[in-house]
Amino acid sequence: MALTGVEIFKLLPKTNCKKCGHPTCLAFAMKLAQRQASLDACPDVSEEAKKILGEASAPPIRPVVFGAGSKSVKMGEETVLFRHEKKFVNPCAIAVEVKDTMDDSEIQKLADSVMHSEIDRVGQKLRVDAILVNNASNDAARFENAVKAVISKAPDVALILATNNPSAAEAAVKLVADKKPILYGADDSNAEAMAGIAKTHKVPLGVTAKGLDALSALTEKIKALGVEDLVIDSGARSAKEILEANTLTRRAAIKKNFKSLGYPVITFAQRDDHMLEALVAMLGIAKYSSIVVVSSIEKWKNLALFTLRQNIYTDPQVPMQVEQKIYKIGEPAADSPFMITTNFSLTYFIVSGEVENSKVPCRLAVMDSEGLSVLTAWAAGKFTASKIAQFIQESGIENEIRKKELIIPGYVAILSGAIEDKLPGWKVTVGPREANGIPAFLKSRA
Amino acid sequence: MAFVAPKETYPGKVFQVGIGTDKQAVFGGENVLTFHSFEGNVPNRALVAYEIQDIPPDDWSETVRKVYEGVSGDPVTWAKYCQDTLKARAIALRLLGTHPDRENRSAEDAIKTVKDVLSAIQVPLIVLGSNHVEKDSSVLVAVSEAAKDKNCIIGKAQEANYKTIAAAAMANNHKLIAMSELDINLSKQLNILVTQMGFDKERLITDPMCSALGYGLEYTYSVMERIRLAALTQNDTTMQPPMLGDVGMYVWKVKETQASEADLPHWGTLEERGIAWETVTAGALIMAGAELLIMRHPKAVEAVEKFVDELM
Ligand code: SF4
């Protein structure tokens, strides 16, 4: 658990020498408690204090990275249980399972579809993050071969090598150690050997045990063997078990600072029924998994899961903004209605949803108002006649439409005259105040 | 250090609500966060109601419209199909045709539809207005009376029209949905206003307003989580009614459930995409705490029911 300012103060030299840039040791301690300063700034702090403070300030869930280069995946570092409290930090990775019992061409096809899974959504690039190669055959040579088949098609994708057979593990990890894969499969029976391989090749280790008791005992044992970059699996497989294990793990780490479970969690969501699999993956994304493993990556499923992950990991404090531009809804013709609103994502979603509802094709100008809704933006001077006029002029829309008519939100009816003054040749029409009035409004004009 | 499971118990609980007469359906009643049965009681499944409407679903997305082809021309046939063939545990009848911009059907028309549907089904009925503030207050009052003692859910009462609708629901022994727009304080305020009229808080259902996956879902998700936490941790009785996710209506109008694969090949097949959109939206709201869901596509409902089986 994080230390308070006073607790930290007790560990400092208490000389008030100011070398840290703060007037007193107490002031510095307060900054440390708020994580607005780094302990390095005090040159005189004792080794013992460093150790205590270092441990206390370590994030409750250890940061672990796997994969190399631009497609490496960062996990852990979460600080809260509920997304409204604070932004969830490192989005849950989606990994697809490849079994080494599949034939090479099948494996290559899957690896290839991972390579081509990237989708752009609201300005973010989203993709399947990793491939889990499962040593289902329990045969070392086949395992190695499957890994080779994967990297022949997907050379830079992050990998998870799943086997509980240390000799298979050793061979496969050696092959791709530079890609920093997770070696998954350390259990009570093979912990020493698996930890040895992870340590030698400097790769994170996936640890599995039945239940959280056994799992925390195992992570302690492996930590003592010198491997600290761990990913944990409590054996939970049903939705009920996953929810319970993930909730208790996250609470133990964050509320109790229980270090033995303070690691990223891997969740196995594979189901024969792919719609159900999407739901179990959803559960992992919403409730605390750092990796969810799925059995297939149909495009429709990827899109739904990527979108969910984006929604869950959005910063609740920063209103999400939509890109400033003129959006086409339906297939607007040159004389279709042209409306304007602000770029607060919720405003955009509600307005565009109602326009879609109306079935009247439209152009919707979304103006950058720093993510504020219409009334707030107007009050804050971000949605004014001159800014609107400038945006419309610079957008080049005049060449695209026949009638120069702009429909503005009813809440800013007051702006209509001023906009007409600043936009010669344009007619401004006042639309409804609330978005749910849009369908009727648009239909009445059609 | 030995592991001690950090289980939590709470002073509050969610009200349990039962609806219908012959074949009752019960939801809510838990004293823990959603499906946290490892630390408390989760007596009931989330209840999924099939959405039907009083007019043919001409503007529904093709994927879901074709499922009801042949039955959706008439609400009674449609309702029976949901109950008998799809094994619906509840039916939500939306009186969309009463909206002044739609068919502008009268309160009398609505009464007839509701009575006909009620006499054709045994499972509970949820009766929803057209979301037109003025029209709803006359239509929902009329249908509340027509369905007297059938223990329906009537909705949705909003800040601008709750008085008449709540009074009618109360006088005729129905449950009531109170809806406000994506703000925990607005939800709380409306629940207080409704109960101040003498409406029993244990007969309320809170609708904090739904949003679809990718279209503001995170707002609904977090408002629901906050409402549920207030109910449990602060024992705030105004926040203890079960919550509704009116999923189908919000999901089946977004681009992801409409755009063809030919136009957007990287989005995959339209049919599964649409179903997944409804499935994942509903599932996420269950994780946030929703106990009652209104949905459209049978395959989405089926996936959600299987998921709830796994959670129980
Ligand atoms: S540098 Fe260290 S000893 Fe000096 S005032 Fe800052 S905290 Fe105190």
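Proteins come first, then strands; the chains are lettered A, B, ... in the order of their sequence lines, and each starts at number 1.
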Exercise for review: Mind running salt bridge (charged side-chain N to carboxylate O under 4.0 Å, His left out) on R102(B) and D54(B) for me, showing each step along the way?
Suggested key: CA-CA 11 Å; R102(B) 301 295 299 246; D54(B) 60 341; over 6 Å; no
Exercise for review: Given side-chain hydrogen bond (donor to acceptor under 3.5 Å, both in side chains), test E434(A) with Y411(A) step by step and report yes or no.
Suggested key: CA-CA 8 Å; E434(A) 297 291 346; Y411(A) 275 118; 2.6 Å; yes
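- Nearest heavy atom pair, residue I177(B) against residue L128(B), reads CD1-CD2, 3.8 Å.
- Using a 4.5 Å cut-off between heavy atoms, D273(A) contacts chain B through its side chain alone, with no backbone atom that close.
- Remark: S117(A) pairs with no residue by the side-chain hydrogen bond (donor to acceptor under 3.5 Å, both in side chains) rule, at least two apart or across chains.
- Contacts of P265(B) with chain A are made by backbone atoms alone, with heavy-atom separations under 4.5 Å and no side-chain atom involved.
- Residue S211(B) does not touch chain A at all, counting heavy-atom pairs closer than 4.5 Å.
- Interface remark: of the candidates T247(A), I329(A), T249(A), N436(A), T247(A) forms the most heavy-atom pairs closer than 4.5 Å to chain B.
- Looking at E298(A), neither its backbone nor its side chain comes within 4.5 Å of chain B, counting heavy atoms on both sides.
- When each of K443(A), K301(A), R251(A) is checked for heavy-atom pairs under 4.5 Å with chain B, R251(A) comes out on top.
- Between chain B and the residues L212(A), I312(A), L279(A), the largest count of heavy-atom pairs under 4.5 Å involves L279(A).
- Neither the backbone nor the side chain of I242(A) comes within contact range of chain B, judged by heavy atoms closer than 4.5 Å.
- Classification of the F344(A)-Y219(B) ring pair by plane angle, with boundaries at 30° and 60°, yields perpendicular.
- Residue Y215(B) touches chain A through both its backbone and its side chain, counting heavy-atom pairs closer than 4.5 Å.
- Closest of all the heavy-atom pairs between N131(B) and D136(B) is N-OD2, 3.0 Å.
- Heavy-atom neighbours of K66(B) NZ from other residues, nucleotides or ligands within 6.0 Å: above the threshold of 12.
- Pairing each heavy atom of S289(A) with each of N246(A), the nearest pair is OG-ND2, 2.9 Å.
- Most heavy-atom pairs under 4.5 Å with chain A, from the set H266(B), H132(B), K255(B), E271(B): that is H266(B).
- At a 4.5 Å heavy-atom cutoff, the contact between W267(B) and chain A is made by backbone and side-chain atoms alike.
- Heavy-atom minimum distance, V294(A) versus A281(A): CG1-CB, 4.1 Å.
- Looking at M209(B), only its side chain comes within 4.5 Å of chain A, counting heavy atoms on both sides.
- Environment of NZ in K299(B): sparse, with no more than 12 heavy atoms of neighbouring residues, nucleotides or ligands closer than 6.0 Å.
- How far CZ of R273(B) is from CH2 of W300(A): 11.5 Å, rounded to the nearest 0.5 Å.
- Contact of L270(B) with chain A is not made at all, since no heavy-atom distance falls under 4.5 Å.
- Residue contact with chain B, scored on non-hydrogen atoms closer than 4.5 Å, is absent for L215(A).
- The distance between the ring centers of F3(B) and F258(A) falls below 6.0 angstrom.
- Of all non-hydrogen atoms in V355(A) and C362(A), the two that sit nearest each other are CG1-CB, 3.6 Å.
- Your options are V4(B), L229(B), L182(B), and the one with the most heavy-atom pairs under 4.5 Å with chain A is L229(B).
- One distance of note links SG of C92(A) with CE of M282(A); it measures 12.0 Å at 0.5 Å rounding.
- Heavy atoms of M275(A) lying under 4.5 Å from chain B belong to its backbone as well as its side chain.
- With a 4.5 Å cut-off on non-hydrogen atoms, E261(B) does not touch chain A at all.
- Ranked by heavy-atom pairs under 4.5 Å with chain B, the first of E85(A), K287(A), H274(A) is K287(A).
- The CG atom of N31(B) sits 8.5 Å away from atom OG1 of T9(B), with the distance rounded to the nearest 0.5 Å.
- For a residue to count as touching a neighbouring chain, one of its non-hydrogen atoms must lie under 4.5 Å from one of that chain's; by this rule L33(B) touches chain A with the side chain only.
- Among the residues in residues 305-312 of chain B, those with a non-hydrogen atom closer than 4.5 angstrom to a non-hydrogen atom of chain A are K306(B), F307(B), E310(B), L311(B), M312(B).
- For the set E272(B), K7(B), R226(B), E225(B), the count of heavy-atom pairs under 4.5 angstrom toward chain A peaks at E272(B).
- Between E291(B) and V14(B), the shortest heavy-atom distance links the atoms OE2-CG1, 3.7 Å.
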